[in-house]
**Student:** 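One structure is given below, represented as structure tokens, and several questions about it will come after.
A, B, ... follow the sequence lines: proteins, then strands. Residue 1 opens every chain. Keep in mind that what you see is a predicted model, and the values were worked out from it rather than measured. In what follows, every heavy atom counts, from backbone to side chain, and hydrogens, waters and symmetry copies are set aside.
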Amino acid sequence: EGTQSNITSFFHGG
Amino acid sequence: MLEARLEQANLLKKVVDAIKDLVQDCNFDCNDSGIALQAMDNSHVALVSMMLKSESFSPFRCDRNIALGINLTSLTKVLRCAANEDILTLKAEDAPDVVNLVFESAESDRLSEYDIKLMDIDQEHLGIPETEYAATISMPSAEFQKICRDLMALSESVSIECTKEGVKFACSGDIGSGSVTLRSHTNVEKPQLNVEIDLSEPVALTFSLKYLVNFCKASGLSEQVRLCLSNEVPLLVEYALSNNSYLRFYLAPKIGD
């Protein structure tokens with residue numbers, strides 16, 4: 001079913 | 001200082017109800033454009049982004065930027081003291097220790113007043129890039145909620161596949177598999193039942209149903225929900241509110257096999 005990715009790897013701190 | 005008056009307490013009650021199981025302590029960032037909130041869930045899988053524009057309040061006054069750090073469980077307790085149709089006014093000083101909530105009944109002379117102690121919340125603010133999504137689906141929010149709940153009975157994950165044929169929500173689990181396919185559909189008499197699919201290229205992504213079911217707690221805020229997808233980026237689930245206000249959820253995809 002795939003590995004759950006992390007939202008912070010798409011949206012960066014700013 | 002902040003002073004923001006909502007015609008109906010119901011709006012804030014529903015917004016907080018929709019997000020309180022996903023995020024606990026949040027900064028409500030107030031400035032002259034309105035009240036915004038951005039928060040990640042503890043696992044850093046989902047992101048909530050709320051914007052209540054100043055136009056959603058009448059009147060709205062906010063002289064300088066104020067961050068109100070609020071525990072949503074505490075806010076829920078206080079909002080339960082308001083009737084749905086009460087007029088709600090939020091007030092805070094420029095460097096506040098508390099936020100003040102006033103509930104007024106439009107039909108009687110009752111006036112209730114509560115203060116909630118504020119918290120110092122050090123929250124990471126994420127930059128959400130402007131994205132041209134490959135597929136945008138508008139559909140009845142109740143339909144999306146039913147699909148997510150139904151499929152969660154079979155599996156932890158759902159694949160959302162959008163092609164020119166339509167959008168297919170599919171899952172498979174220990175007891176078997178299931179899918180629901182929707183095509184574009186226009187109901188002239190009941191536009192809230194429309195399904196609109198805007199596709200620039202086919203998309204297929206897999207998401208955790210637990211989070212989607214959680215997002216669907218916002219279904220009472222809007223008759224329609226918008227799903228925006230592009231391959232290998234988070235899904236955007238948007239509930240539009242009046243005056244360009246919104247409640248958005250972003251969900252990171254499941255990747256690989």
**Student:** Kindly give the heavy-atom pair with the smallest separation between A:Q4 and B:S208, and that separation in Å.
**Tutor:** OE1-CB, 3.8 Å

**Student:** Crowded around B:D94 CG? As in, over 12 foreign heavy atoms under 6.0 Å?
**Tutor:** yes

**Student:** Taking everything shown except B:E196 itself, do over 12 heavy atoms lie less than 6.0 Å from its CD?
**Tutor:** no

**Student:** Residues in side chain to side chain donor-acceptor pair (under 3.5 Å) with B:S155, at least two apart?
**Tutor:** A:E1

**Student:** For B:Q24, does the CD atom have more than 12 heavy-atom neighbours from other residues, nucleotides or ligands under 6.0 Å away?
**Tutor:** yes

**Student:** Cut-off 3.5 Å, no hydrogens considered: what does the side-chain donor-acceptor table look like for residues 137-151 of chain B, sequence neighbours left out?
**Tutor:**
from, atom 1, to, atom 2, distance (Å)
B:S141, OG, B:S219, O, 3.4
B:S141, OG, B:S222, O, 2.5
B:S141, OG, B:E223, O, 3.2
B:Q145, NE2, B:C216, O, 3.2
B:K146, NZ, B:D150, OD2, 2.7

**Student:** Given that the side chain runs from C-beta out, which part of B:S157 has a heavy atom under 4.5 Å from chain A: side chain, backbone, both or neither?
**Tutor:** both

**Student:** Which region of B:S159, side chain (C-beta onward) or backbone (N, CA, C, O), has a non-hydrogen atom less than 4.5 Å from a non-hydrogen atom of chain A, or is it both or neither?
**Tutor:** neither

**Student:** For B:K217, is the NZ atom crowded, meaning more than 12 foreign heavy atoms sit under 6.0 Å from it?
**Tutor:** yes

**Student:** Any residues in residues 35-49 of chain B near chain A, with a heavy-atom distance under 4.5 Å, and which are they?
**Tutor:** B:M40, B:S43, B:H44, B:V45, B:A46, B:L47

**Student:** Tell me which donor-acceptor pairs under 3.5 Å the side chains of residues 246-253 of chain B have, and how far apart each pair is, sequence neighbours excluded?
**Tutor:**
from, atom 1, to, atom 2, distance (Å)
B:R248, NE, B:E238, OE2, 2.6
B:R248, NH2, B:E238, OE2, 3.0

